[in-house]
> 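Here it is, the structure, as structure tokens.
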Amino acid sequence: MSDALQQEQLVKEIPPKAADLSAWYTAVCLKAELVSYSPVRGCVVLRPAGFGMWENLQKHLDERFKATGHENAYFPLLIPESLLTKEAEHVEGFAPEVAWVTEGGQEKLEERLAIRPTSEVIIGVMYAKWIQSHRDLPILINQWANVLRWEKATRPFLRTMEFLWQEGHTAHATAAEAREETERMLDVYQDFAENVAAIPVYAGAKSASERFPGAVETFSIEALMPDGKALQSATSHDLGQNFSKAYDITFADANQQIQHVYTTSWGMSWRMLGAVIMTHGDDRGLRIPPKLAPIEAVFVPIVRGGDTSTVEKAHELAKGLRGAGYRVRVDDRDYTPGWKYSEWEMRGVPLRIEIGPRDLESGSVTVVRRDKSKGEDGAKTSVPFGELPAKLRELLDAVHDSMYAQAKAFLESHTFVVSDRDEFFTKCRERAGMIDIAWCGRPECEAEVKTATSATTRNTRALQTPGAKCVACGEPATVNAYFAQSY
RNA sequence: CGGGGCGUAGCUCAGCUUGGUAGAGCGCUUCGUUUGGGACGAAGAAGUCGCAGGUUCAAAUCCUGUCGCCCCGACCA
């Protein structure tokens, strides 16, 4: 490594992001203490720094769920085998990755119990008991839970055997209502991704082969990672009457007819945090979007000649900011200021507040933005003590906006509207980004593209040019689709 | 689940080819001096060499098995 490169590499043991995204990603997850590998294969410990991000994700999503009329509940972790096997497609889809409990205490169980890979089944069974009349509908419930899928290869956040997520499960009287709900929650996810996680996404419908097992239609939001691979960040499923028929969820309608309900399910997992890490991080480490940051601003007091008045002032200002609703911390540990700067940058704290003798004298603090590089215009701002509470809000919003703008610029510069077949295949193979084409929608066509390029449809939307032919195969196109290799 | 790589101190790794006293840097502890971009000095602590067998007078080193992790594929959120 050249001297220049060595100097650039500010954070020890974090390799440059552009050179090897995988190595960078793993190093950041570990060094920023988001996760730790555990003695259990494929399972990670979510450490306080990581859990803090999860809590903020929960808070923002949950308030959106509540605002759209949903309530939280909790269902059992274990699902009897006989119940699981009723919806054929669903079972087939999940069978390879279900873990089973076969013994309890000293006894061998007469019936195996599945550890939930998802909860459509157990929730469907309960809904069948609870729903009698059209007056009982809709049911709008969400649960925050862990699930387990027996994965072969795992990576922190992106794929672990046990993971945290939320799963919403709703039941409706009509197909139209269920579809409306499915699309509403997709909008919620898109809103969350863009306005909380600062990640622009493409929202749309999944192709048949990418659909959730047992769903009539699956929608997703898809984000683009720096290596040109897409990351499915949340899904929303219209389950039609597939589950209500399998689990006999019926109600008497206003005309005294027995009808099967229409159900939906929708989920976002801690995988979203993986998207946040990869999208926003840089060579100095993590950059957490302010709304997800466990610590929004960290005070670094500079002590000179044993005079700790800057430390006292930092605590005083921090107290005031907490009172104003901010999540702040004072780093009064016995390390040098320079060490602390690097440390908190690596951990991704959006704002650093320096307070040294010079600041004390001028009655102000120096606020440094994590989203800007060193020496960049606007990276440092001097803020008088009294203006700190108001100014902090402004700066945090600015950080969010600039992070979103950067991610948006990346997505847009790596989205290609392609109408030439060769170019389409080349771009897919090269992992160029989101490749937008007019597409026929045929599974055989998608399979051919996948075999040739490893890319698949991420999601689809209405055909943009009426009468267009499929760019991949030449048949009449029915939709526009984003193709990309995916995580 | 296929292909490749790696498990030695908290971290990054050397030592293994050719068996013979357990190593370095960083970090950690104590004391002192320091503190506006990863401070300096002195003293100190720390490893059943992933685990289990085997070969040998003797194994971190050779052999077999096993577990785990990383990367690339296939599969999935």
Side-chain angles (χ1 to χ4, degrees), chain A residues 7 9-15 20-23 25-27 29-31 36-44 93-98 117-118 147-167 189 206 209-210 212-213 218 220-223 230-237 265-275 284-285 300-308 310-311 331-346 352-361 365-366 368 374-375 379-380 382 450-451 454 456 485-487:
Chain A
Q7 287 202 333
Q9 196 182 338
L10 291 169
V11 183
K12 288 174 197 158
E13 290 146 28
I14 295 182
D20 183 348
L21 185 66
S22 287
Y25 176 79
T26 306
C29 286
L30 296 172
K31 289 294 291 178
S36 198
Y37 290 112
S38 76
V40 190
R41 185 183 82 78
C43 297
V44 296
F94 280 101
E97 46 190 23
V98 171
T118 180
V147 289
L148 189 75
R149 298 181 187 178
W150 211 259
E151 298 289 351
K152 292 161 190 163
T154 61
R155 308 184 61 190
F157 297 119
L158 301 177
R159 180 169 300 111
T160 48
M161 297 218 311
E162 181 184 8
F163 59 92
L164 296 181
W165 76 347
Q166 58 69 216
E167 46 180 328
Y189 288 138
K206 282 293 196 184
S209 65
E210 297 275 325
F212 179 75
T218 288
S220 73
I221 56 170
E222 305 276 338
L231 185 71
Q232 178 174 303
S233 306
T235 48
S236 185
H237 314 290
S265 69
W266 27 274
M268 176 181 281
S269 76
W270 72 16
R271 183 178 232 207
M272 185 75 205
L273 299 183
R284 288 185 284 167
V300 178
I302 291 126
V303 176
R304 196 184 287 283
D307 176 6
T308 57
T310 52
V311 178
D331 187 356
D332 54 8
R333 294 175 298 170
D334 185 21
Y335 291 106
T336 62
W339 189 92
K340 291 177 186 175
Y341 297 167
S342 303
E343 168 83 357
W344 292 111
E345 280 167 5
M346 190 266 292
R352 174 175 79 238
I353 306 176
E354 303 175 4
I355 174 162
R358 289 206 297 271
D359 299 297
L360 214 53
E361 210 166 295
V365 293
T366 305
V368 184
K374 221 191 300 182
K380 285 195 179 191
S382 188
K450 184 175 181 181
T451 305
S454 302
T456 52
Q485 296 185 30
S486 78
Y487 270 93

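Just so we're on the same page: letters track the sequence lines, and every chain starts at 1.
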> Should B:G47 form a Watson-Crick or G-U wobble pair with both distances under 3.5 Å, which nucleotide is its partner?
none
> Side-chain contact, heavy-atom cut-off 4.5 Å: A:Arg352 with A:Tyr341?
yes
> I'd like to know if A:Glu343 reaches the base of B:G37 with its side chain such that a donor and an acceptor end up less than 3.5 angstrom apart.
no
> Please give, in whole Å, the distance from B:C11 P to A:Met346 CE?
15 Å
> Are the side chains of A:Trp339 and A:Arg333 in contact, using a 4.5 Å heavy-atom criterion?
yes
> I need a per-nucleotide contact map over nucleotides 65-75 of chain B, read 5' to 3'. Cutoff is protein heavy atoms under 4.0 Å; write B for the base, S for backbone only, - otherwise.
---SSSSSSSB
> Heavy atoms only, 4.0 Å cut-off, all strands: where does A:Leu158 land among base, sugar-phosphate and nothing?
base
> Spell out, as yes or no, whether a donor-acceptor pair under 3.5 Å connects the side chain of A:Thr218 to the backbone of A:Lys206.
no
> Using atom types as modelled and distance alone, determine if a side-chain donor or acceptor of A:Asp359 lies under 3.5 Å from a backbone N or O of A:Gly356.
yes
> Who does B:A14 pair with, Watson-Crick or G-U, both distances under 3.5 Å?
none
> Can you tell me the base-pairing partner of B:C62? Count Watson-Crick or G-U wobble geometry only, both distances below 3.5 Å, and say none if there is no partner.
B:G54
> Sticking with atom P, work out how far B:U66 lies from B:G19, rounded to a whole angstrom.
27 Å
> With both distances kept under 3.5 Å, what pairs with B:U30, Watson-Crick or G-U wobble?
B:A42
> Which nucleotide, in any strand shown, forms a Watson-Crick or G-U wobble pair with B:G73, with both distances under 3.5 Å?
B:C1
> Are the side chains of A:Phe94 and A:Arg149 in contact, using a 4.5 Å heavy-atom criterion?
yes
> Does the side chain of A:Met268 reach to within under 4.5 Å of the side chain of A:Tyr189, using non-hydrogen atoms?
yes
> From the set B:G38, B:G36, B:A77, return the single nucleotide nearest to any side-chain atom of A:Ser342.
B:G38
> Taking atom P of B:A77 as reference, at what distance in whole Å does atom CZ of A:Phe163 sit?
9 Å
> Take atom NE2 of A:His237 and atom C1' of B:A77, then tell me their distance rounded to the nearest Å.
9 Å
> Return the value, rounded to whole Å, for the distance between atom CE of A:Met268 and atom P of B:A77.
15 Å
> What is the distance, rounded to the nearest whole Å, between atom CZ of A:Arg304 and atom C1' of B:G37?
14 Å
> Which whole number of Å gives the distance between the C1' atom of B:G47 and that of B:C13?
14 Å
> Can you tell if the side chain of A:Tyr37 reaches within under 4.5 Å of the side chain of A:Leu30, non-hydrogen atoms only?
yes
> In terms of the nearest nucleotide of RNA chain B, which residue is placed more toward the 5' end: A:Ser209 or A:Tyr341?
A:Tyr341
> Between B:U21 and B:G68, how far apart are the C1' atoms? Round to whole Å, please.
31 Å
> Where the side chain of A:Trp339 is defined as all heavy atoms beyond and including C-beta, which of B:G37, B:U34, B:G38 is the nearest nucleotide?
B:G38
> Can you tell me how far P of B:A77 sits from CE of A:Met161, to the nearest Å?
16 Å
> Suppose you measure atom P in B:A77 against the same atom in B:G3; what distance do you get, rounded to whole Å?
26 Å
> Take the protein atom OH of A:Tyr189 and the nucleotide atom P of B:A77, then report the distance between them rounded to whole Å.
14 Å
> What contact category does A:Arg333 fall into here, base, sugar-phosphate, or nothing, at under 4.0 angstrom with non-hydrogen atoms?
nothing
> Rounded to whole angstrom, note down the P distance from B:C11 over to B:G27.
15 Å
> Write down the distance separating the C1' atoms in B:U30 and B:C70, rounded off to the nearest Å.
38 Å
> Would you mind classifying the nucleic acid contact of A:Tyr335 as base, sugar-phosphate or nothing, using non-hydrogen atoms under 4.0 angstrom?
base
> Using heavy atoms to find the nearest nucleotide of RNA chain B for A:Ser233 and A:Val303 separately, return the residue whose nucleotide is more 5′.
A:Val303
> Roughly how many Å is it from CG in A:Leu30 to P in B:G10, rounded to a whole number?
16 Å
> Applying side-chain contact (heavy atoms from CB on, under 4.5 Å), can you list everything that pairs with A:Asp20, at least two apart in sequence or on another chain?
A:Ser22, A:Ala23
> Determine the contact category for A:Pro96: base if any of its heavy atoms lies under 4.0 Å from a base atom, sugar-phosphate if only primed atoms, P, OP1 or OP2 are that close, otherwise nothing.
nothing
> I'd like the P distance from B:C1 over to B:U48, given in whole Å.
32 Å
> Could you work out the separation of B:G7 and B:G15 based on their P atoms and round it to a whole Å?
10 Å
> For a quick test of reading the model: is some side-chain N or O of A:Ser269 closer than 4.0 Å to OP1 or OP2 of B:A77?
no
> Given B:G38, B:G36, B:A77, identify the nucleotide with an atom nearest to the side chain of A:Arg149.
B:A77
> Where the side chain of A:Thr310 meets the backbone of A:Pro301, is there a donor-acceptor pair that is under 3.5 Å apart?
no
> With side-chain contact (heavy atoms from CB on, under 4.5 Å) as the test, pick out the partner of A:Val311 among A:Val303, A:Ile302, A:Ile355, A:Asp331.
A:Val303
> Is there a donor on the side chain of A:Arg284 or the base of B:G37 sitting less than 3.5 Å from an acceptor on the other?
no
